[in-house]
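Comments concern the structure below.
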Amino acid sequence: MRLQRAVLRTVAARGSAAEELPHMTELARLSAAERRRIIADFVEDALDGVPAPAYRSGLLAATPDLPDDPTPEQIGAWIELAALVREPELRAALRRLAEYGARTAPTAGEPRAAGETDAAGEPGAVGETDAAGEPGTGQEQAAVRVAELMRERGEAAVTAGIAPDSPAAEPLVAELIAAWIPTQSGTPDPATEDGPAARARLLEQLETAAEPAVERYWQLLCTVTGRPAPPRWDTAGTWTAAALRAHLRPVGLDRSAFDGTDPDRVLYAYEQVARDVAALVAAVRPADLDLPTPCAGWSVRQLLDHMVWENLMATSIAEDDPRTDHTADHLGDDHVAAFTDSARAALAAFTGSGMLHRTYGPYDAPGAMIVQQVVVELLAHGWDLARATGAPTGLAPQVAEETLAAARRIYGAAPRTEGSSFAPERAAPPGAGATDRLAAFLGRAPG
């Protein structure tokens, strides 16, 4: 009766839509055993025939049930969970994880599903083993710590604006690999040292665990049972996987890429490039916003939005409050004002915060080099915009040669792999200007 009253209160409080009412009515009628059977049948069906007994036991041990007097949030989570377990997408995802676990498991057990929590509420780690959701061995606890390290480093890299295929990402990849390798003892053909095989193995684990439906399953389960939800992995997992794809072979950090950057000259270069690009942006008509650009898959509008983001992101780093809204709309209804305002704010931040004379991040990247990267980005994307709109590409001739030299210094060792920031370098035509040669270096087709 208490559950029925709680459901009725939730209906009244939420003003539930007509499509929700049958589910709430059904929930009120179900016994605790019937609710548990819904989840148990789902697990048994999804894992039927997969030789992963410990994995199955862990899922069944985590079967949720509502408390006697659930909150509206718990009732809503249960209704969503009951609908989710009927979805073929979730069943297929869970089966893929189980099959991977059965194929690669250590002798002591099998990896827990992405997002699964143990008795202490810790998230299942990449390659971690466990028995029915109970706290694991020392090795398993080490795997939890490695998973947390990956999440912290990945989120910090995104916040700091470190591109996964940039030279600055390599030390982070090496650190994560070094922490992860000891957790692999006991697995088939375990990695023993950093190298292409180890990095490919970790990448495979991350890609296998990237199952949004399964992550949502565990989030709902935690809400229903009143346990803390596991940390989200989407941001860190996406960045780490991209960094591994770009850095499948270990390389030493070339700190020469950090050297030789004159702050005063960098500031002058930014002013020149921002001025010429602003003139291009001002000439863009509303009808031009849907035109294609040399950046594959980007329209002029998307290109402009990215250029505004580059200014905003650099400004936020200078102000020690890095932005995380990369996917937001930064252009609004006035693309000219958006770019002009962002460039003005960036210039003020560069000069007013001391950024040009400071260092940032765990590897002490000079602020002047971060600004230099913005210069490279704006000049390259200014070239993209000029090509898209039929304007001349000879932008910022006073600083184009030194910007090209900076791009070679910063990105010369960066891999040009699928998903990288830049395509493989192309040959520039004879007599090409510095901006055209910069575009060719960064993978554009000049001419």
Side-chain angles (χ1 to χ4, degrees), residues 1-17 19-47 55-91 93-94 97 112-125 128 130 132-135 144 147-148 151 155 209-237:
M1 292 297 294
R2 292 173 66 187
L3 175 58
Q4 292 176 344
R5 289 195 295 270
V7 170
L8 290 173
R9 288 197 303 270
T10 301
V11 170
R14 289 168 56 134
S16 299
E19 61 269 19
E20 277 192 314
L21 292 177
H23 299 299
M24 288 193 169
T25 302
E26 178 187 9
L27 171 62
R29 289 200 304 262
L30 291 174
S31 67
E34 288 170 329
R35 290 192 297 273
R36 287 193 294 270
R37 174 51 53 189
I38 290 174
I39 304 300
D41 287 348
F42 152 71
V43 171
E44 294 292 356
D45 181 60
L47 273 57
Y55 188 89
R56 177 183 285 101
S57 297
L59 288 168
L60 292 173
T63 299
D65 194 21
L66 287 163
D68 290 338
D69 191 15
T71 66
E73 291 76 17
Q74 288 174 309
I75 292 173
W78 169 261
I79 291 171
E80 183 180 345
L81 182 65
L84 183 62
V85 299
R86 297 186 182 100
E87 294 293 331
E89 177 188 358
L90 175 61
R91 294 175 183 237
L94 205 64
L97 288 169
R112 292 211 304 270
E116 182 180 353
T117 55
D118 62 20
E122 294 294 337
E128 181 185 354
D130 182 62
E134 293 302 318
V144 171
E148 181 63 16
R151 188 177 66 82
E155 291 180 352
E211 296 283 5
V214 176
E215 182 178 13
R216 184 57 180 162
Y217 172 83
W218 287 107
Q219 289 170 343
L220 291 170
L221 183 150
C222 289
T223 300
V224 168
T225 58
R227 294 170 62 182
R232 293 187 62 89
W233 258 87
D234 46 358
T235 298

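Please read all numbers here as calculations on a predicted model, not as lab measurements. We number each residue from 1, following the sequence as shown.
Smallest separation of non-hydrogen atoms from Asp234 and Glu215: N-OE2, 4.4 Å. The minimum heavy-atom distance between Leu97 and Ala209, with the atom names listed, is CD2-CA, 3.9 Å. Annotation for Glu211 and Ala93: closest pair OE1-CB, 3.3 Å, computed over non-hydrogen atoms. The minimum heavy-atom distance between Leu94 and Ala46, with the atom names listed, is CD2-CB, 4.3 Å. Nearest heavy atoms, Pro228 versus Cys222: O-SG, 3.5 Å. Across Arg232 and Gln219, no two heavy atoms sit closer than the pair NH1-NE2, 3.0 Å.
Interatomic distance, Thr223 OG1 to Trp218 CH2, rounded to the nearest 0.5 Å: 13.0 Å. A distance of 11.5 Å separates CG of Asp41 from CD of Glu34, quoted to the nearest 0.5 Å. Separation of atoms CG (Leu47) and CZ (Arg91) is listed at 11.0 Å; rounding is to 0.5 Å. The CG atom of Leu60 lies 12.5 Å from the CZ atom of Arg36; values are rounded to the nearest 0.5 Å. For the atom pair CG (Leu84) and CD1 (Ile39), the distance works out to 9.0 Å, reported to the nearest 0.5 Å. The CG atom of Leu220 sits 10.5 Å away from atom OG1 of Thr225, with the distance rounded to the nearest 0.5 Å.
Under 4.0 Å is where a charged nitrogen must lie from a carboxylate oxygen, and between Arg151 and Glu148 at least one such pair does.
With sequence neighbours excluded, no residue forms a salt bridge (Lys or Arg N to Asp or Glu O under 4.0 Å) with Glu89.
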